[in-house]
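Everything on this sheet refers to the single structure shown next.
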Amino acid sequence: MTAPATLHERILDWYDDHARDLPWREPSASAWSVMVSEFMLQQTPVARVLPVHEAWLERWPTPAALAAEPSGEAVRAWGRLGYPRRALRLHAAAQAIVERHGGEVPSAYDALRALPGVGDYTAAAIAAFAFRARHVVLDTNVRRVFARVLGGTELPTPSVTKAERELGASVLPEDPETAATWSVAVMELGALVCTAAKPGCARCPVGDRCAWQAAGRPAYDGPVRRPQAWAGTDRQCRGRLLAVLRESTGPVHRSALDAVWPDPVQRERALAGLLEDRLAVQVGPDTFTLPG
DNA sequence: TATACGTGGCA
DNA sequence: TTGCCAAGTAT
C-alpha cells in the first residue's frame, strides 16, 4: 500500500498535468516579462492579456526601453486592457528601475513593493515567479482555494486578513523553488477548477479532502459586496474619452470628445479627472492628447 | 476600511 | 438582457 498523496503532492501533480503554457511562465521568460504580465493581469483575464503582453515585450524588451518613451505611448499600447492607470504605473516603475536599480528588475520584495503600481500581491508574485524566492502569494484565486479547502467557506473575506497570511505561510513549502511552484499551482487550480461561480469539484485533485465540500458546499454568508455600476458612470465616460485620445495620433479637439458623451457636465468632470491623473494633457485652449 | 478605477465575455 | 466576473492598487 502506498500512502495517500498529501495535499501538496496532489496539487503539484495536478499542476504538472494541467498548467497552461503561458509565455511568462517559460523558463526563459525574463523578470521584466513576468513583471509586465503581473501588471496586466491585475483584474484582467489571461485571454485578453496574451496578445498585448506579446506586443509589449516585442516593443519594449527591457525596462529601459519603456522608460525611454513618453508615458502616453504606454497608455496607447495598453489598448483596451482596462484600468489604464496601470500603464502609467508600469511606465513609472520602469523609470524607477532604471534610476534606482540600474535597469534590472529588483529581486527583493521590499524593493519591488516600493515601485509604483506594485502592491503586496504583485511584489510577492514577481519575487516568487521571476526569482524563485520563498514568499506567500495571496491573490484572489489562492484565497478562494484556501477558503474552501482549508476554511470550509465558499469565498474568502473581502480583504486579506492576518490569519490568512499566517495560514498561507504555514502551508508554504520550505524549499523556495517548490514554494514558488506551489503558489502558481494553487493559483492555477483556483483559475481553472476552483472557480468563483461554477467550481469543478468533480475534477478537483483535492475534492475528497476539501472542507467546503465536506460541509456540503454551504453558500457564502459574509458581507455582500455591492456590484460596481458601469452604464452612465464617470468611469465609463473616462473610458470613452481616453479611447478617442488613444486612437488619435495627434492632439484631439474638444469637439471630438463631445461626440462620444452626451452629458457635458459629466464629460467635463471625467476629462478633468483624466488630466488630474496624468492620463491626458491639455496642449491648447481646446486640444488634448496623451501625455508626452 | 470603503471607494474609485476599464473592459469585454459569458450565462 | 442584465449581472457577474477576471493574477489589485492607491487613497
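Every chain is numbered from 1, with letters handed out A, B, ... down the list of sequences. All heavy atoms count here, side chains included; hydrogens, waters and symmetry mates do not.
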Measuring only the C1' atom in each nucleotide, how far is B:dT1 from C:dT9? A whole number of Å is fine. 15 Å

Between C:dA7 and B:dA4, how many Å separate the two P atoms, rounded to a whole number? 23 Å

Under the rule of Watson-Crick or G-U wobble with both distances under 3.5 Å, where | means paired to another strand and [ ] a crossing pair, DNA chain C maps to .|||||.||||

Under 4.0 angstrom between A:R85 side-chain N/O and C:dT9 OP1 or OP2: no

Counting only side-chain N and O atoms of A:R20, is one of them less than 4.0 Å from OP1 or OP2 of C:dA7? no

Ranking A:Q43 and A:V160 by the position along DNA chain B of their nearest nucleotide, the one closer to 5' is A:V160

Pick the nucleotide of DNA chain B nearest each of A:L81 and A:K198; which residue has the one closer to the 5' end? A:L81

Between atom CZ in A:F39 and atom P in C:dG8, what is the gap in whole Å? 13 Å

Name of the residue among A:V34, A:T62, A:I97, A:V36 meeting side chain to side chain contact (heavy atoms under 4.5 Å, CB included) with A:V105: A:I97

Per side chain to side chain contact (heavy atoms under 4.5 Å, CB included), A:V252 is matched among A:V283, A:L241, A:V244 by A:V244

So, [X] and [Y], do they make that salt bridge, N to O below 4.0 Å?
X	Y	value
A:R80	A:E247	yes
A:E268	A:R254	yes
A:R165	A:D120	no

Starting the side chain at C-beta, find the nucleotide from [options] nearest to [X].
X	options	answer
A:R89	C:dA7, B:dG6, C:dT9	C:dT9
A:R238	C:dA7, B:dG6, C:dC5	B:dG6
A:S159	B:dT1, B:dT7, C:dG8	B:dT1
A:R144	C:dG8, B:dT7, C:dA7	C:dA7
A:R235	C:dG8, B:dC5, C:dA6	B:dC5
A:R25	C:dA7, C:dT9, B:dT7	C:dA7

A:V184-A:F146 co-clustered via ILVMFWY side chain contacts under 4.5 Å: yes

Considering every strand and a 4.0 Å limit on heavy-atom distances, what is the contact class for A:D277: base, sugar-phosphate, or nothing? nothing

Identify whether any heavy atom of A:W24 sits under 4.0 Å from a base atom; if not, whether one sits that close to sugar-phosphate; answer base, sugar-phosphate or nothing. base

Any donor-acceptor pair, under 3.5 Å, between the side chain of A:R86 and the base of C:dT9, if you only look at N and O atoms? no

Indicate, yes or no, whether a donor-acceptor pair under 3.5 Å links the base of B:dG6 to the side chain of A:T44. yes

Checking the side chain of A:R48 only, and the main-chain atoms of A:G82 only, is there a donor and an acceptor separated by less than 3.5 Å? no

